[in-house]
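Proteins get letters first, then strands, A, B, ... in listed order; numbering begins at 1 in each.
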2 protein chains.
Amino acid sequence: MTASTAVSGPKTALSADRPTYRQACGACSGCTVRRMAVCAALADDEVAEMERVMSSFTLEPNQALVEEGDPKRRVFTLTSGMLRLSLMLPDGRRQITGFLMPGDYLGLSDDEVYSQTAEAVMPSVLCGFATADMDKLMERYGRLKDRLHLMTRRALRQARESQMILGRLAPSEKVASFLLVMSARAAEHGQPESPVHLPMTRTDIADFLGLTVETVSRTFTKLKTQGLIRLPDPHSVEIVDKRLLAAVAGNVAY
Amino acid sequence: MTASTAVSGPKTALSADRPTYRQACGACSGCTVRRMAVCAALADDEVAEMERVMSSFTLEPNQALVEEGDPKRRVFTLTSGMLRLSLMLPDGRRQITGFLMPGDYLGLSDDEVYSQTAEAVMPSVLCGFATADMDKLMERYGRLKDRLHLMTRRALRQARESQMILGRLAPSEKVASFLLVMSARAAEHGQPESPVHLPMTRTDIADFLGLTVETVSRTFTKLKTQGLIRLPDPHSVEIVDKRLLAAVAGNVAY
DNA sequence: CGTATAATTGAGGCGAGTCAAATGCCGTGG
DNA sequence: CCACGGCATTTGACTCGCCTCAATTATACG
């Protein structure tokens, strides 16, 4: 049953061997995700206060930031790079529940402990906050709390779309809708729609879509052969015919 | 590709032909879900105020309460019965994203419009609130808002577990974990763990687990043959060997 | 009692998974 | 600069299990 290869020996960023950088910045006001992240709920002077309790974290590819079951001592906003969120079965099977992109928040679903593992897909930078500090900020600034709630609702809707994709779409439909979603998300970040950059591996995509690596690879090849996409390199996908690709995706709205 | 039969002609409870009952109660303080629902965040006198803007709704089996895309004018707490939440593809394929049980809240994932359809699985009763009223109550009672956020986070964790089940479990594992979850949920409601009552159809279960009716039915039969469960009737499942059933389920924690 | 719907069971095909191998890519070190 | 090794990706051959189609049995309801 689709036992996926686990990522080789990820280390936690919060353990002793990994440095935690504290930025002396003032960078928040000019942050690239200032308008997308939680902090969009706050005015510049309010963000300055938030910044005082903020720590910066950097991750190398495949490095784990938090692990399922760890006590939730911090929450994060991703500022650059990409993270994968995943759940594991005792026998090693893995389900990736989502990919975090700049502006996304880590900790939405968690209460006392992290409910899933978060690892870097590519070199990544995050803003970290002690949960106690964040709680204080939320008490002080109600809009911050509201925005977090809004983001949680959005994440829930995404998870439900994911349920549909996992439960009811055929492999080509899964891959096609994945490409369209990634394309749309890239656009939201001011990047081009068409040559979509996919920093994650085929295995990651497979573990996200409930498929095997081989099936994902074969499906890419099939879409290429059909002329719907081009593959300049394995991590770049050019969408040739968006309309047709959407048709293949089964018109899954997002 | 697994095209599921749609439920026959569901009508919306909010449309003209369906009566909306306004209870003259005072029943909240003695409500069966008083300690599980949103209202658990409020004291009895505060709930009394909530009650003043509350309307009661009853649903017959297969009747729709809200439909995907409808403007979200009301939110609900289910007090008795069971609802199914679902998403549909243009071609009729359906994914059930979850089942609502007494105490559960309808509207967690929605913003301006309902993101999914909610239909009654069995005769059901709900407390309804105009979104404007609920917003006012949340502004007044912060704990209400917090509890709603808590319930949203919980729903998100459930959806993620669902992603794992849909994407990575084999049919028998899916059915086994479904039975265990339903059993655990029944226990939370003070009902016996073992003869689990499943009011939904096999088709509903199939559309929830990403399978076909036939596969669900065959899997039930297999589990019965293996002596893990008994089936006094199609809607009652007696768990004979919980330990073994959990082993079949792949030890999916919930 | 008769009908409609749900659930089960059966037979068979196809497609995704499994196993295995080849190719491509990239960083390391000679 | 090139040789090597590890890893990701792709491709191939084959099997098995889930879906499809179809029929039968059971259940609920008038």
Side-chain angles (χ1 to χ4, degrees), chain A residues 1-10 60-62 84 91-94 121-123 165-175 197-225 229-237, chain B residues 1-10 60-62 84 91-94 121-123 165-175 197-207 209-225 229-237 248:
Chain A
M1 243 304 90
T2 316
S4 310
T5 47
V7 176
S8 55
E60 306 158 31
N62 293 325
R84 62 171 167 258
D91 64 4
R93 279 177 286 178
R94 186 178 68 154
V121 168
M122 56 188 291
I165 290 168
L166 287 164
R168 284 298 174 225
L169 294 197
S172 349
E173 296 176 317
K174 288 181 179 183
V175 171
H197 184 235
L198 304 178
M200 73 289 287
T201 66
R202 297 279 124 110
T203 303
D204 285 341
I205 299 176
D207 284 350
F208 180 61
L209 297 176
L211 301 169
T212 59
V213 206
E214 294 93 330
T215 300
V216 170
S217 181
R218 275 187 252 268
T219 305
F220 270 101
T221 307
K222 199 172 80 181
L223 293 177
K224 187 179 68 177
T225 307
I229 61 171
R230 259 194 289 264
L231 287 169
D233 71 282
H235 292 282
S236 296
V237 181
Chain B
M1 240 302 95
T2 317
S4 311
T5 48
V7 177
S8 54
E60 306 158 30
N62 293 327
R84 62 169 168 260
D91 64 3
R93 279 177 287 177
R94 186 178 67 152
V121 168
M122 54 188 292
I165 289 168
L166 287 164
R168 284 299 175 223
L169 294 197
S172 352
E173 296 175 318
K174 288 182 179 182
V175 172
H197 184 236
L198 303 178
M200 72 290 287
T201 66
R202 297 281 124 110
T203 303
D204 285 340
I205 299 176
D207 284 350
L209 297 177
L211 301 170
T212 59
V213 207
E214 295 93 331
T215 299
V216 170
S217 182
R218 276 187 251 268
T219 305
F220 270 102
T221 307
K222 199 173 80 179
L223 293 176
K224 186 177 69 176
T225 308
I229 61 170
R230 260 194 288 265
L231 288 170
D233 72 282
H235 292 283
S236 296
V237 181
V248 171

- request: Report yes if a side-chain nitrogen or oxygen of A/Thr221 is closer than 4.0 Å to either non-bridging phosphate oxygen (OP1 or OP2) of D/dT11; otherwise report no.
  value: yes
message: From the set C/dT18, D/dT9, C/dT8, return the single nucleotide nearest to any side-chain atom of A/Thr212.
response: C/dT18
- request: Please report, rounded to the nearest Å, how far the C1' atom of D/dT11 is from the CZ atom of A/Arg202.
  value: 14 Å
Terminal axis angle for the helix from C/dC1-D/dG30 to C/dG30-D/dC1, five pairs an end, nearest 10 degrees: 40°
query: How many Å lie between CG on B/Leu169 and P on D/dG17, as a whole number?
result: 17 Å
message: For a quick test of reading the model, state the closest non-hydrogen atom pair linking A/Thr219 to A/Pro171 and the distance between them.
response: CG2-O, 4.1 Å
statement: Closest non-hydrogen contact found for A/Ala206 with A/Val213 is CB-N, 3.7 Å
- request: Could you check how far CD of A/Glu173 sits from P of C/dA16, rounded to whole Å?
  value: 10 Å
field: Minimal non-hydrogen separation, B/Pro61 against B/Val121, with atom names
entry: CB-O, 4.0 Å
message: Without decimals, in angstroms, what is the distance between A/Met200 CE and D/dT9 C1'?
response: 16 Å
- line: Minimal heavy-atom distance between B/Glu173 and B/Arg168, with the atoms involved, is OE1-O, 4.3 Å
field: Distance test, side-chain N/O of A/Thr215 to OP1/OP2 of C/dG17, below 4.0 Å
entry: yes
field: Whole-Å gap separating P (C/dG24) and CZ (A/Phe220)
entry: 19 Å
- prompt: Distance check: side-chain N/O of B/Arg218 vs OP1/OP2 of C/dT9, anything under 4.0 Å?
  reply: no
- request: Answer yes or no: is there a side-chain heavy-atom contact under 4.5 Å between A/Arg202 and A/Ile205?
  value: yes
message: D/dT9, OP1 or OP2 - any side-chain N/O from A/Ser217 closer than 4.0 Å?
response: no
message: Just the rounded figure in Å: distance from C1' of D/dA8 to CG of A/Asn62.
response: 12 Å
- prompt: Quick one: does B/Val216's side chain get under 4.5 Å of B/Lys174's, heavy atoms only?
  reply: no
- request: For B/Thr215, check side chain to side chain donor-acceptor pair (under 3.5 Å) against everything at least two apart and list the hits.
  value: B/Thr212
Closest non-hydrogen atom pair, A/Phe208 against A/Leu166: O-CD2, 3.4 Å
task: Please name the pair of heavy atoms, one in B/Asp204 and one in B/Arg84, separated by the smallest distance, quoted to 0.1 Å.
output: OD2-NH1, 3.0 Å
statement: Letter by letter from the 5' end, nucleotides 22-30 of chain D scores (B base, S sugar-phosphate only, - none; protein heavy atoms under 4.0 Å) ---------
- prompt: A/Asp204 has an atom CG; how far is it from atom P of D/dT9, in whole Å?
  reply: 8 Å
field: Protein-nucleotide distance (A/Ile205, atom CD1; D/dA8, atom P), rounded to Å
entry: 13 Å
